Structures are given as C-alpha cells and as structure tokens.
Engineer: 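For reference, the structure I am asking about is given below.
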Amino acid sequence: MNPDQLASAIRDALAAAIAAGELNIAVPDEVPLERPRSREHGDYATSIALKLVKESGLKPRQIAEILAPRLEAIAGIAAVEIAGPGFLNIRLDTAAAGALVGQVIAAGAEYGNGTSLAGVKINLEFVSANPTGPVHIGGARWAAVGDALGRILSAQGGEVTREYYFNDHGAQIDRFARSLLAAARGEEAPEDGYGGEYIGEIAGRIVAANPDAASLPDAEATELFRSQGVELMFTEIRATLHEFRTDFDVYFHENSLHESGAVDKAVARVKESGHLFEKDGAWWLRSTDYGDDKDRVVIKSDGNPAYIAGDLAYFLDKRLRGFDLCIYMLGADHHGYISRLKAAAAAFGDDPDVVEVLIGQLVNLVKDGVPVRMGKRAGNVISLDDLIEAIGVDAARYALIRYSVDTSVDLDLDLWTKAGNDNPVYYVQYAHARLCRMLANAADLGIDAGEDYDPALLDTPQENALIALLAAYPGVLRTAADLREPHRVARFLEDLAAGLHKFYDAVRVLPMGDAAPTAATASRLWLSRAARQVLANGLGVLGVSAPERM
RNA sequence: GCGCCCGUAGCUCAGUUGGAUAGAGCAGCGGACUUCUAAUCCUCAGGUCGCAGGUUCGAAUCCUGCCGGGCGCGCCA
C-alpha cells in the first residue's frame with residue numbers, strides 16, 4: 001500500500017461515515033498524509049480530523065473516533081491510534097507496505113512519474129545568455145536547474161519545449177563586434193566594450209578564417225566581426241551546455257524577430273489592446289497594472305523599438321506556437337521583468353498566468369574560504385567551463401540544483417571535489433554504486449531473486465524506513481513539478497541514500513560464507529533492486545550520472 | 001526612497017497547502033570493519049527559527065511594523 005492508496009482509502013472511509021450519517025460534510029479532495037518523524041507515531045499520520053473541525057462542527061477527537069474503526073477494518077492497515085489533538089496514526093501491515101517493492105520494480109524507469117501535467121504544452125525558457133561571452137556561473141545555475149525542471153515537468157506528462165532566447169540584436173552586440181575588431185587590430189578595447197581573454201581568441205579565429213578582415217573599412221569590418229563573432233560565440237556556448245548535458249529544442253534568435261517584421265506586427269497588434277498608450281512621442285506598455293513601478297517604453301520616440309518590443313513579439317510567437325504555459329527562468333537582476341512579461345501577456349488578451357517567471361538568486365564561488373572574484377565585463381570570468389573543469393559535470397549540476405533558487409548560495413569548490421559523505425553528490429552516487437556491486441555479487445554467486453518475493457519478510461525498522469522512502473518518491477516528484485522546485489528531488493535523494501546506507505549496514509542481504517540463500521535473501525534482493533531503481537530514476541531526473549562502481 | 005529574495009545549530013542549508021518534542025550534513029566528543037564497497041553506520045552534545053506585536057485550538061510557516069544582508073529600480077539591451 002502506497003501513500004496514494006492510503007489517502008484514497010481514508011477518503012473512502014470518510015465517504016462511508018458520511019453515508020452512515022455520522023458526519024455532515026463533503027468528502028475532501030485532499031487528505032493530508034505524512035510520514036511522522038517519530039516511529040512511535042506509526043508509519044503514516046493524518047491530520048484530517050483536525051482539518052474537518054470547522055466544517056463538521058465536531059471536535060477533532062470525535063471525528064477521529066468515527067474514522068479510526070473504519071480505517072482499522074481496511075485490509076493492509078494493521079493498527080490505527082488516535083493521538084495528540086486528534087491525529088490518526090496508522091500502522092501498515094508489513095506485507096502491505098512491502099508490496100510497494102514489487103510495484104517499483106514493475107514500473108522500472110517509469111516509477112515516480114505522474115500525470116498532473118498531461119497534455120500541457122510548456123515552453124521552458126532558460127539560460128538565454130547573451131552571445132557576447134561564455135556562459136557564466138549564473139547561467140550555469142539556470143542550465144542545471146532549468147534542465148532538471150524540464151525533466152521533472154516531462155515526468156508529469158508535460159510536453160516541454162526547452163528554449164534558449166539568443167539576444168543577437170542591439171547595442172551589446174555592437175559593442176561586442178567593436179571589441180573584436182579592436183582586438184584584431186591590436187587596439188585597446190573600446191571603453192564600453194568587452195575585454196576578456198576570449199575576445200582576443202575569437203578575434204584571432206575570425207582573422208585566421210578571413211586574413212584581411214581587420215583591414216576592411218570600419219563598417220564592413222564591424223559587420224563581419226559581428227556576424228562571425230556571434231556565430232562562433234554561440235557555437236561555443238552550445239558546446240559548453242552540451243557538455244553540461246543541457247540541450248535545447250529551440251534556439252531562438254532575437255534578430256529573426258526584427259528581420260521578419262514580427263516585432264512591427266506584434267506592436268501593431270498590441271497598440272489596439274488598450275494596454276499600450278502613446279505619450280511624449282513614444283508608445284508605452286501599461287506594466288504598472290501588473291505591479292511595475294513605472295510604465296515601460298515599447299517604441300521609442302525616435303520610432304525604434306525598445307528592447308521589450310522584442311519580448312512582446314517573442315511572447316506572441318510562443319503563443320502562436322500553441323504553448324499553454326510559458327515559463328521564464330531569470331536571474332535576480334531581472335526580477336523587474338515579471339510585471340512586464342505579465343503585462344505583455346495581458347496585452348495580447350491572454351491570462352497573465354500563462355506567463356510564469358522564476359527568479360534565481362545569485363551564485364558565489366568560494367575556494368579556501370575566500371570568495372572567488374567574478375565579473376564578465378572585466379574579463380575575470382568564472383565561466384561554466386571553469387566550473388566544469390574545477391568540479392566536474394555531475395558535481396556542478398548537483399551543487400547548482402540542490403539549493404532552492406530563492407536563496408543565493410556560496411559553492412565551496414573544495415567541498416564539491418571531496419570524495420566523502422560531506423559531499424552530497426558522492427553520498428548519493430555511492431549509495432547507487434554500493435547497491436550495484438552487491439547485486440553484481442549476488443549474480444556472481446548464482447543467487448537468483450526469483451520471480452516473486454515475500455513482502456512480509458521485510459520487517460526490520462531499516463527495511464520499513466527504506467520502503468517508506470521509496471513510496472514517497474512519486475509525491476516528491478509531483479511536488480517538485482507543482483512548485484517548480486527541482487531541489488526537492490536532490491534533498492529527497494540524500495534522504496533515500498541515508499536510508500539505503502542504514503539498511504545496508506543493519507541488514508545483511510547476501511548469505512554469509514557458504515550459507516544457503518533464504519526467502520529473506522530474495523526479499524532483500526528485491527528491496528535492493530527497488531532502491532537502486534529509485535536512486536537511478538532520481539539521479540536521472542537531475543541529469544546526474546548513476547555510476548555502477550566508484 | 002520603492003520593489004523582489006533571504007535571515008532556522010559554530011558553518012552550509014532543508015522544512016508546499018499552518019499541525020505532535022523544529023531537521024540533515026559538516027565541524028566537536030566517543031564508538032563500530034577476519035564476511036555484500038568504512039566514499040559507510042551508531043552515540044552524545046549543539047536552537048529566544050533576526051526582533052516586536054497580531055490572527056487561532058495550534059505559527060519557522062499567515063498578517064503588520066522594525067533590524068540586518070543580497071539584487072534591482074534607463075525612451076540601455
């Protein structure tokens with residue numbers, strides 16, 4: 001019996017009590033169910049009796065007393081106790097709890113998936129770093145979290161399109177082009193330009209391919225360095241992200257919106273909406289309706305589109321492609337965009353809720369207890385490449401995903417390269433590798449777990465706890481998807497790994513010496529396989545490898 | 001000044017919709033390997049959940065006001 005089945009059994013008990021006239025309420029949609037911290041409080045506990053106080057007009061313990069005998073009569077429930085203010089503490093029958101192991105193995109790689117987003121077309125835009133330099137650490141956070149979120153939303157049945165918006169238009173690109181040209185000519189970088197080492201490197205590659213590039217007339221040369229520089233930078237960014245196991249379905253070029261006339265069209269359309277107004281010769285988006293502290297210019301008084309005109313056109317494009325939900329993952333320095341993007345949706349006649357903006361706080365790197373300097377403009381870049389080189393893809397992804405994006409984090413580079421259980425990614429991966437070795441040993445010994453197992457034999461506290469962890473996984477995935485919080489999966493995996501290690505330490509799986517395998521051996525092998533499956537599934541969702549040996 | 005995020009153990013951080021005695025890892029003390037990977041496990045210790053009010057059967061969680069830190073407030077992109 002898993003938590004979902006238990007929750008629906010409780011709902012059935014409520015319905016029965018209502019039908020019998022003992023309760024005068026509607027059957028609640030959700031039944032709160034938790035795994036109590038203390039084992040003395042049973043396998044599961046529900047506060048449903050406390051929640052129904054107001055609606056029923058009864059005292060919590062009265063409600064609990066109505067429910068307890070009905071629950072106790074359900075097959076698979078061993079005992080029900082009323083405790084505290086009105087909690088119902090539920091103890092499962094060992095065999096009923098252990099049956100979950102078979103469900104996990106039957107579901108395999110699909111175990112944990114749900115349908116809460118079935119059929120929802122989701123556009124997930126993340127990273128979208130400017131092609132004026134390598135992906136830096138902030139972009140890296142989104143690469144890891146965004147990719148994991150994509151996998152989590154897909155696991156709930158969402159039809160996810162990962163998208164990278166490529167700002168290859170405008171003044172920053174012009175500065176980038178001039179910086180490249182200056183580097184190629186051996187001149188100082190322009191005052192407002194880019195000065196990192198990569199500028200010289202990219203310029204060198206352009207010159208190598210076009211030997212006379214630097215000596216062309218300024219306008220022509222700038223254009224050449226612009227187009228080729230952007231292309232080279234883009235290729236490099238894509239390669240780095242690919243190495244980081246983050247690939248996109250769509251790389252969208254901002255410039256294409258301007259060249260195709262999509263921007264003009266989008267603006268023309270939105271001018272009629274009432275969300276745009278003309279003032280001082282410019283056209284403004286009434287973003288204050290959605291919490292902005294001032295309205296924003298869409299068409300400047302010189303007739304040129306402002307930056308957000310591109311955002312408007314891009315949003316319209318997404319909607320025309322049929323997305324039900326557009327998620328934008330932005331850095332903390334862009335939180336002001338939320339109201340603009342909501343206003344943009346409203347201007348096109350959409351519910352602003354189709355736009356969802358996730359804001360990620362900044363990431364700092366720490367080495368030897370000292371913050372590592374960063375700053376893209378200065379060229380003192382901590383890039384994603386650097387991070388991968390320093391701690392590897394698995395640790396980097398895991399480290400960036402593990403924390404709520406609401407909090408700024410300091411990543412300690414020393415910690416994430418350590419091989420020990422203070423390094424969470426090793427701790428989790430080791431649990432998986434340990435199981436793989438043990439299961440391989442079982443195969444070497446010719447021990448066959450058989451077609452079936454006896455769930456009632458999984459009766460130690462460690463086995464009980466491990467099974468409960470496996471049972472909790474679908475709920476964790478569901479919550480992570482609902483709240484767009486991949487870090488929950490990582491935290492769960494750490495709990496699961498701890499549960500596994502405790503089990504491994506306390507319960508011998510394979511027979512000692514020459515002893516013959518028993519029925520318990522088979523049951524424990526089944527449990528081990530199930531645990532390995534869930535560890536692998538969870539790591540898979542994070543895009544972190546599940547090694548078979550370490 | 002205004003907006004967003006954060007403030008939980010010495011350190012790094014968990015803690016969805018309010019629920020029982022607030023958790024984990026590290027650091028500290030003391031233990032456990034002749035047999036499945038000790039990259040592990042067990043014990044002890046560690047707290048005014050920033051402060052002050054409020055809401056209620058019940059608040060780390062919700063509301064208000066303060067304090068402290070990060071980020072942002074262009075007809076730039």
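Reminder, nothing fancy here: chain letters follow the sequence lines and each chain counts from 1. The structure displayed is predicted, hence computed values, not measured ones.
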Engineer: Taking B:G53 as the reference, what is the distance to B:A45 when you measure between their P atoms (whole Å, please)?
Structural biologist: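 Each nucleotide's P atom is 31 Å from the other's.
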Engineer: Closest to the A:R508 side chain: B:G19, B:A77, B:C36?
Structural biologist: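 Comparing B:G19, B:A77, B:C36 against the side chain of A:R508, the answer is B:C36.
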Engineer: Under 30°, 30 to 60°, or over 60°: which ring-plane class applies to A:Y403 and A:W416, parallel, tilted or perpendicular?
Structural biologist: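 Correct class here is perpendicular.
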Engineer: Hey, is B:C36 sitting syn or anti, using the within-90° cutoff around 0?
Structural biologist: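 Anti, since the glycosidic angle lies more than 90° from 0.
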Engineer: Between A:Y164 and A:Y251, what is the ring plane arrangement, given parallel below 30°, perpendicular above 60°, and tilted in between?
Structural biologist: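 Correct class here is tilted.
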Engineer: Rounded to whole angstroms, how far apart are CZ on A:R437 and P on B:U35?
Structural biologist: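 That distance rounds to 19 Å.
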Engineer: In whole angstrom, give the distance that lies between atom CZ of A:R61 and atom C1' of B:G19.
Structural biologist: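 Answer to the nearest Å: 15 Å.
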Engineer: Give A:V53 one of three labels, base, sugar-phosphate or nothing, depending on what nucleic acid heavy atoms sit under 4.0 Å from its own.
Structural biologist: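 Counting heavy atoms under 4.0 Å across all strands, no contact is made by A:V53.
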Engineer: Give every pair of a protein N or O atom and an N or O atom of nucleotides 69-75 of chain B that lie under 3.5 Å apart, one pair per line with the distance.
Structural biologist:
| residue | atom | partner | partner atom | Å |
| --- | --- | --- | --- | --- |
| B:C71 | O2' | A:A332 | O | 3.4 |
| B:C71 | O2' | A:D333 | N | 3.4 |
| B:C73 | O2' | A:D293 | OD2 | 3.0 |
| B:G74 | OP2 | A:K294 | NZ | 2.9 |
| B:C75 | O2 | A:S301 | N | 2.9 |
| B:C75 | O2 | A:S301 | OG | 2.8 |
| B:C75 | N3 | A:S301 | OG | 3.1 |
| B:C75 | N4 | A:D280 | O | 3.1 |

Engineer: In terms of the nearest nucleotide of RNA chain B, which residue is placed more toward the 5' end: A:V409 or A:G513?
Structural biologist: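 By nearest-heavy-atom nucleotide position, the 5'-most residue is A:V409.
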Engineer: Relative to the 5' end of RNA chain B, which residue comes earlier, A:D406 or A:F503, by the nucleotide with the nearest heavy atom?
Structural biologist: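 Whichever sits nearer the 5' end wins; that is A:D406.
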Engineer: Rounded to whole angstrom units, what separation is found between the CH2 atom of A:W416 and the P atom of B:C13?
Structural biologist: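 To the nearest whole Å, that distance equals 11 Å.
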Engineer: Scan A:A431 against the nucleic acid and name what it touches under 4.0 Å (heavy atoms): base, sugar-phosphate only, or nothing.
Structural biologist: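 The residue A:A431 makes no contact with any strand.
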Engineer: According to a strict under-4.0 Å criterion, is A:S47 in side-chain N/O contact with OP1 or OP2 of B:G18?
Structural biologist: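 The answer is no; no side-chain N or O of A:S47 sits under 4.0 Å from OP1 or OP2.
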Engineer: Provide, to the nearest angstrom, the distance between the CG atom belonging to A:L400 and the C1' atom belonging to B:C13.
Structural biologist: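 These atoms are roughly 15 Å apart.
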Engineer: Round to the nearest Å and state the distance from A:D410 atom CG to B:U12 atom C1'.
Structural biologist: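 After rounding, the reported distance stands at 9 Å.
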Engineer: Which part of the nucleic acid, if any, lies within reach of A:N89 when heavy atoms closer than 4.0 Å are counted: base, sugar-phosphate only, or nothing?
Structural biologist: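 Base contact.
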Engineer: If you compare all heavy atoms of A:S287 against all heavy atoms of A:R296, which two are closest, and at what distance to 0.1 Å?
Structural biologist: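 Nearest heavy atoms, A:S287 then A:R296: OG-CG, 3.5 Å.
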Engineer: With side chain to side chain donor-acceptor pair (under 3.5 Å) as the criterion, how do A:T521 and A:T518 come out once you've worked through the C-alpha distance, each side chain's angles and the decisive distance to 0.1 Å?
Structural biologist: CA-CA 5 Å; A:T521 306; A:T518 65; 3.3 Å; yes
Engineer: Hey, is CD on A:E278 packed in by over 12 heavy atoms from elsewhere, all under 6.0 Å?
Structural biologist: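 More than 12 within 6.0 Å, yes.
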Engineer: Fill in the dot-bracket string of RNA chain B, one character per base: . for unpaired, | for a pair to another strand, ( ) or [ ] for pairs within the strand, taking Watson-Crick or G-U pairs under 3.5 Å.
Structural biologist: (((((((..((((.....[...)))).(.(((.......))).).....(((((..]....))))))))))))....
Engineer: Could you grab the distance from atom CD1 of A:I391 to atom CG of A:L400, nearest 0.5 Å is fine?
Structural biologist: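 Atom-to-atom, A:I391:CD1 and A:L400:CG are 7.0 Å apart.
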Engineer: Could you state the atom-to-atom distance from OH of A:Y403 to C1' of B:C6 in whole Å?
Structural biologist: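 Distance, rounded to whole Å: 15 Å.
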Engineer: Is there a side chain to side chain donor-acceptor pair (under 3.5 Å) between A:Q533 and A:Y473? Walk through the geometry before answering.
Structural biologist: CA-CA 11 Å; A:Q533 185 71 59; A:Y473 179 61; over 6 Å; no
Engineer: Looking only at heavy atoms, which two atoms of A:P32 and A:T46 are closest? And how far apart?
Structural biologist: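 Taking every non-hydrogen atom into account, O-OG1, 2.6 Å.
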Engineer: Write down the protein N/O and nucleotide N/O pairs, taken from nucleotides 63-65 of chain B, whose separation is under 3.5 Å; answer none if there are no such pairs.
Structural biologist:
none

Engineer: So A:N89 and A:H41, side chain to side chain donor-acceptor pair (under 3.5 Å) or not? Walk me through it.
Structural biologist: CA-CA 6 Å; A:N89 292 338; A:H41 292 153; 4.8 Å; no
Engineer: When all nucleic acid strands are considered with a 4.0 Å heavy-atom cut-off, which category describes A:S404: base, sugar-phosphate, or nothing?
Structural biologist: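 The residue A:S404 makes sugar-phosphate contact but no base contact.
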Engineer: May I have the step-by-step check of side chain to side chain contact (heavy atoms under 4.5 Å, CB included) for A:D280 and A:S301, ending in yes or no?
Structural biologist: CA-CA 7 Å; A:D280 303 333; A:S301 51; over 6 Å; no
Engineer: Could you state the CD-C1' distance from A:E254 to B:C76, rounded to the nearest angstrom?
Structural biologist: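 Whole-Å distance recorded here is 12 Å.
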Engineer: Between CZ of A:R484 and CD1 of A:I152, what distance do you get to the nearest 0.5 Å?
Structural biologist: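 Answer rounded to 0.5 Å: 11.0 Å.
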Engineer: So, for A:Q462 and A:F503, which heavy atoms are closest and what is the spacing to 0.1 Å?
Structural biologist: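 Reported closest heavy-atom pair: CB-CA, 3.8 Å.
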Engineer: Is there aromatic stacking of A:H41 against B:A20, centre distance under 5.5 Å, plane angle under 30°?
Structural biologist: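 So yes, this residue stacks on that base, both cut-offs being met.
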Engineer: Please write out each protein N/O paired with an N/O of nucleotides 23-28 of chain B under 3.5 Å, distance rounded to 0.1 Å.
Structural biologist:
| residue | atom | partner | partner atom | Å |
| --- | --- | --- | --- | --- |
| B:C26 | OP1 | A:N421 | OD1 | 2.8 |
| B:C26 | OP1 | A:N421 | ND2 | 3.4 |

Engineer: Give me the distance, rounded to whole Å, that separates B:G18 from B:C57 when you measure between the P atoms they each carry.
Structural biologist: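 So the two P atoms sit 15 Å from each other.
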Engineer: Roughly how many Å apart are B:A59 and B:G46, using the C1' atom of each and rounding to a whole number?
Structural biologist: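 Straight-line distance between the two C1' atoms is 24 Å.
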Engineer: Could you measure between the two C1' atoms, the one in B:C67 and the one in B:G30, and give it in whole Å?
Structural biologist: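 Each nucleotide's C1' atom is 41 Å from the other's.
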Engineer: Which part of the nucleic acid does A:A506 contact within heavy-atom distance under 4.0 Å: base, sugar-phosphate only, or nothing?
Structural biologist: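 Answer is nothing: A:A506 stays at 4.0 Å or more from every strand.
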Engineer: Have a look at A:A442 and say if it touches a base, only the backbone sugar-phosphate, or nothing, with a 4.0 Å heavy-atom cut-off.
Structural biologist: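 Result for A:A442 = nothing.
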Engineer: Write down the distance between CE (A:M512) and C1' (B:C36), rounded to a whole number of angstrom.
Structural biologist: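 Taking CE of A:M512 and C1' of B:C36, I get 10 Å after rounding.
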Engineer: Which one, B:A77, B:U37, B:C41, comes nearest to the side chain of A:Y337?
Structural biologist: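 Taking heavy atoms from C-beta onward, the closest nucleotide is B:A77.
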Engineer: Let's see if you can work this out: which of B:U35, B:C41, B:G15 has an atom nearest to the side-chain heavy atoms of A:R488?
Structural biologist: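 My answer, after comparing the listed nucleotides, is B:G15.
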Engineer: Evaluate the ring planes of A:W284 and A:F277, with Trp represented by its six-membered ring, and classify them as parallel (under 30°), tilted (30 to 60°) or perpendicular (over 60°).
Structural biologist: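 Ring orientation of A:W284 relative to A:F277: parallel.
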Engineer: NA contact type, A:F87, heavy-atom cut-off 4.0 Å: base, sugar-phosphate, or nothing?
Structural biologist: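 It contacts base atoms.
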Engineer: Among B:A39, B:A38, B:A20, find the nucleotide with the atom closest to the side chain of A:E34.
Structural biologist: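 Closest of the options to the side chain of A:E34: B:A20.
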Engineer: Classify A:V507 by what it touches in the nucleic acid, base, sugar-phosphate, or nothing, heavy-atom distance under 4.0 Å.
Structural biologist: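 Base contact.
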Engineer: Could you walk me through whether A:T132 and A:Q172 pass the side chain to side chain donor-acceptor pair (under 3.5 Å) check?
Structural biologist: CA-CA 8 Å; A:T132 51; A:Q172 288 196 55; 4.7 Å; no
Engineer: Sequence neighbours left out, what passes ring-ring contact (aromatic ring centres under 6.0 Å, His included) with A:Y290? Give chain and number order.
Structural biologist: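 So A:Y290 forms no ring-ring contact (aromatic ring centres under 6.0 Å, His included) with any residue.
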Engineer: Kindly state each residue pair satisfying ring pair (Phe, Tyr, Trp, His ring centres under 6.0 Å) with at least one member in residues 48-67 of chain A, sequence neighbours excluded.
Structural biologist: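 The answer is none; no pair qualifies.
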Engineer: Is A:R524 near enough to B:C36 that one of its side-chain N or O atoms lies under 4.0 angstrom from OP1 or OP2?
Structural biologist: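 It does not, given that no N or O in the side chain of A:R524 lies less than 4.0 Å from OP1 or OP2 of B:C36.
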